[in-house]
Peer 1: 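Would you mind keeping the following structure in view while I ask a few things?
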Amino acid sequence: MEEKLKIEHKLKQAEEFEANGKFLHAIQVYTSLIEQYPQLTEAIFCLADLYQKLNNINSASSLISLMIENDPDNIEKRMFAGQFFLKNSLWNEAIDVLELVMAEEDGYVSYLRGFAYYKLNEFELSKINFLNYVIRETDSSLKHEGYLFLAKNCIELKDYHSAENFLKKIESVYSSYWEYQYLFGLVYKNIGMLEHAIVCAEKAIKLNSKNAEAFALAGQLQLISGDYKKAERRFYKCLELKDDFSADIYTGLAEVCLKSDNLKEALAYYNTALKLDPQNNTAQKGKAAAEHKLNNVSSDG
């Protein structure tokens with residue numbers, strides 16, 4: 001009993017140091033407790049959180065890795081470690097500590113693994129984990145997010161009809177979110193429902209007029225539909241919003257110019273696209289077409 005009171009006193013002391021900005025003192029108290037009581041989960045979690053607040057991710061990561069090494073069968077510690085690694089974009093490390101946790105022990109682990117695999121572009125593995133999560137989960141707002149990630153994975157896997165089905169399951173929750181409309185726009189574009197796709201892309205823009213992806217999709221769709229002026233406006237807006245310019249956007253602008261017979265502008269945009277992405281097949285073909293048309297015009301002149 002006396003020892004328990006001593007531990008509680010030390011933990012409270014460390015918390016007070018931390019609350020008052022005396023971080024070094026707090027670290028010293030937590031470290032002393034962990035050295036004396038290596039299995040004291042609360043002290044380990046608190047010190048890891050403090051390191052994270054101080055942006056000392058390496059120290060936090062080392063502490064958590066040692067915690068798992070010393071107590072590999074502790075599910076609570078593995079779940080804490082997995083969530084810590086996810087918060088810090090350490091996707092492989094998260095999977096490593098979570099792979100031994102069974103869904104029967106903690107169903108949330110399937111969600112966490114699904115998220116980590118999604119970030120690693122392992123879409124099939126992500127899909128399997130999110131499916132496992134939504135099947136097991138009965139009542140949680142995260143279940144809706146699980147369906148959203150299932151739709152995203154299916155889009156990446158080009159399984160657009162499954163993506164459509166998953167999106168429909170969460171329509172009542174997400175229909176007023178720009179990303180939901182954007183994803184539906186992608187689905188409809190790829191199953192050949194152009195008018196529906198345009199409606200969704202324009203809804204996404206109305207819901208979030210600061211998102212470049214929505215303008216890019218709308219531009220692509222208007223280009224396909226033959227509304228070149230509107231496509232051009234959408235692509236220009238995308239460039240205004242996007243910090244890292246995409247070769248696809250310049251290719252889209254080039255396509256608009258090519259369709260409108262603004263051949264010199266088209267060539268300039270194609271060249272910009274190819275500087276950003278020399279393997280861009282659409283830009284390569286478009287540039288050749290623009291050069292061919294320009295040569296014909298010069299010959300006729």
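Computed from a predicted model, the values in this text were never measured in an experiment.
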Peer 1: Please confirm whether the backbone N or O of S176 pairs with a side-chain atom of Q181, one donor and one acceptor, at under 3.5 Å?
Peer 2: no

Peer 1: More than 12 non-hydrogen atoms from neighbouring residues, nucleotides or ligands closer than 6.0 Å to OH on Y177, yes or no?
Peer 2: no

Peer 1: Which heavy atom in A212 sits nearest to a heavy atom in C238, and how many Å separate them?
Peer 2: O-SG, 3.4 Å

Peer 1: Could you tell me if the side chain of L274 sits less than 4.5 Å from the side chain of Y250, heavy atoms only?
Peer 2: no

Peer 1: More than 12 non-hydrogen atoms from neighbouring residues, nucleotides or ligands closer than 6.0 Å to CD on E8, yes or no?
Peer 2: yes

Peer 1: State, yes or no, whether a side-chain contact exists between F80 and N74 at a heavy-atom distance under 4.5 Å.
Peer 2: no

Peer 1: Would you say E124 and K127 make side-chain contact, with heavy atoms under 4.5 Å?
Peer 2: yes

Peer 1: So, for R113 and L98, which heavy atoms are closest and what is the spacing to 0.1 Å?
Peer 2: NH1-O, 2.7 Å

Peer 1: So does M67 get a backbone contact from the side chain of D71, meaning a donor-acceptor N/O pair under 3.5 Å?
Peer 2: no

Peer 1: How are the rings of Y118 and F149 set to each other: parallel, tilted or perpendicular (split at 30° and 60°)?
Peer 2: perpendicular

Peer 1: Tell me, do W178 and S209 make a side-chain contact under 4.5 Å, heavy atoms counted?
Peer 2: no

Peer 1: Is there side-chain contact between K10 and Q36, with heavy atoms separated by less than 4.5 Å?
Peer 2: no

Peer 1: Do Y188 and V199 share a hydrophobic cluster (ILVMFWY, side-chain heavy atoms under 4.5 Å, transitive)?
Peer 2: no

Peer 1: Between I27 and L54, is there a side-chain heavy-atom distance shorter than 4.5 Å?
Peer 2: yes

Peer 1: Starting from the C-alpha separation in whole Å, work towards a yes-or-no answer on salt bridge (charged side-chain N to carboxylate O under 4.0 Å, His left out) for E202 and R234.
Peer 2: CA-CA 10 Å; E202 294 298 330; R234 293 309 190 205; 2.5 Å; yes

Peer 1: What are the two closest non-hydrogen atoms of N70 and Q39, and how far apart are they?
Peer 2: O-NE2, 4.1 Å

Peer 1: Would you say the side-chain atoms of S32 pair up with the backbone N or O of Q28, donor to acceptor, closer than 3.5 Å?
Peer 2: no

Peer 1: Report yes or no: does D277 contribute a side-chain atom to a donor-acceptor pair with the main-chain N or O of A273 at less than 3.5 Å?
Peer 2: no

Peer 1: Measure the spacing between NZ of K229 and CD of Q222 and express it to the nearest 0.5 Å.
Peer 2: 14.0 Å

Peer 1: Report yes or no: do I155 and L157 belong to one cluster of Ile/Leu/Val/Met/Phe/Trp/Tyr joined by side chain heavy-atom distances under 4.5 Å?
Peer 2: yes

Peer 1: Are F23 and F17 side-chain neighbours, meaning at least one heavy-atom pair lies under 4.5 Å?
Peer 2: no

Peer 1: E232 side chain to L223 main-chain N or O, any donor-acceptor pair under 3.5 Å?
Peer 2: no

Peer 1: Determine whether E255 and Y270 satisfy the following criterion, side chain to side chain donor-acceptor pair (under 3.5 Å), listing intermediate values before the conclusion.
Peer 2: CA-CA 8 Å; E255 295 283 293; Y270 281 130; 2.2 Å; yes

Peer 1: With salt bridge (charged side-chain N to carboxylate O under 4.0 Å, His left out) as the criterion, how do K237 and E240 come out once you've worked through the C-alpha distance, each side chain's angles and the decisive distance to 0.1 Å?
Peer 2: CA-CA 5 Å; K237 186 64 179 178; E240 284 179 27; 3.5 Å; yes

Peer 1: Can you classify the ring geometry of Y174 versus Y180 as parallel (below 30°), tilted (30 to 60°) or perpendicular (above 60°)?
Peer 2: parallel

Peer 1: Rounded to the nearest 0.5 Å, how far does OH of Y236 lie from CG of L253?
Peer 2: 5.5 Å

Peer 1: Could you walk me through whether Q220 and K189 pass side chain to side chain donor-acceptor pair (under 3.5 Å), step by step?
Peer 2: CA-CA 10 Å; Q220 292 163 7; K189 176 191 174 189; 3.1 Å; yes

Peer 1: Same cluster or not: I249 versus I198, using hydrophobic residues (I, L, V, M, F, W, Y) connected whenever any side-chain heavy atoms lie under 4.5 Å apart?
Peer 2: no

Peer 1: Keeping R78 on the side-chain end and V97 on the backbone end, is there a donor-acceptor pair under 3.5 Å?
Peer 2: yes

Peer 1: List the atom of Y108, the atom of Q83, and the distance in Å for their closest heavy-atom pair.
Peer 2: CE2-OE1, 3.7 Å

Peer 1: With sequence neighbours excluded, what pairs up with K119 under the side-chain contact (heavy atoms from CB on, under 4.5 Å) test?
Peer 2: W91, F115

Peer 1: Is the backbone N or O of E213 less than 3.5 Å from a side-chain atom of N211, with the two atoms forming a donor-acceptor pair by type?
Peer 2: yes

Peer 1: Short question: side chain of N56, backbone of S59 - any donor-acceptor pair under 3.5 Å?
Peer 2: yes

Peer 1: Between E179 and K152, does any NZ, NE, NH1 or NH2 come within less than 4.0 Å of an OD or OE carboxylate oxygen?
Peer 2: yes

Peer 1: Checking N271 side chain against L267 main chain: does a donor-acceptor pair fall under 3.5 Å?
Peer 2: yes

Peer 1: Tell me every residue that passes ring-ring contact (aromatic ring centres under 6.0 Å, His included) with F235, counting only those two or more places apart in sequence or in another chain.
Peer 2: none

Peer 1: Per the salt bridge (Lys or Arg N to Asp or Glu O under 4.0 Å) rule, what does the pair list look like for residues 162-178, sequence neighbours excluded?
Peer 2: E164-K168

Peer 1: Of the non-hydrogen atoms in G114 and S126, which two are nearest, and what is the gap between them?
Peer 2: O-OG, 2.7 Å

Peer 1: Do L112 and L150 belong to the same hydrophobic cluster, where Ile, Leu, Val, Met, Phe, Trp and Tyr are linked whenever their side-chain heavy atoms lie under 4.5 Å apart, directly or via other members?
Peer 2: yes

Peer 1: What is the distance from atom CG of L167 to atom OG of S162, rounded to the nearest 0.5 Å?
Peer 2: 11.0 Å

Peer 1: Testing the basics here: between L258 and G286, what is the closest heavy-atom pair and its distance to 0.1 Å?
Peer 2: CD2-O, 4.2 Å

Peer 1: Between L47 and L90, is there shared hydrophobic-cluster membership here, with clusters defined by ILVMFWY side-chain heavy atoms closer than 4.5 Å?
Peer 2: yes

Peer 1: Should S61 and F84 count as side-chain neighbours, where that means a heavy-atom distance under 4.5 Å?
Peer 2: yes

Peer 1: Between S246 and D248 (side chain of the first, backbone of the second, donor and acceptor by atom type, cut-off under 3.5 Å), is there such a pair?
Peer 2: yes

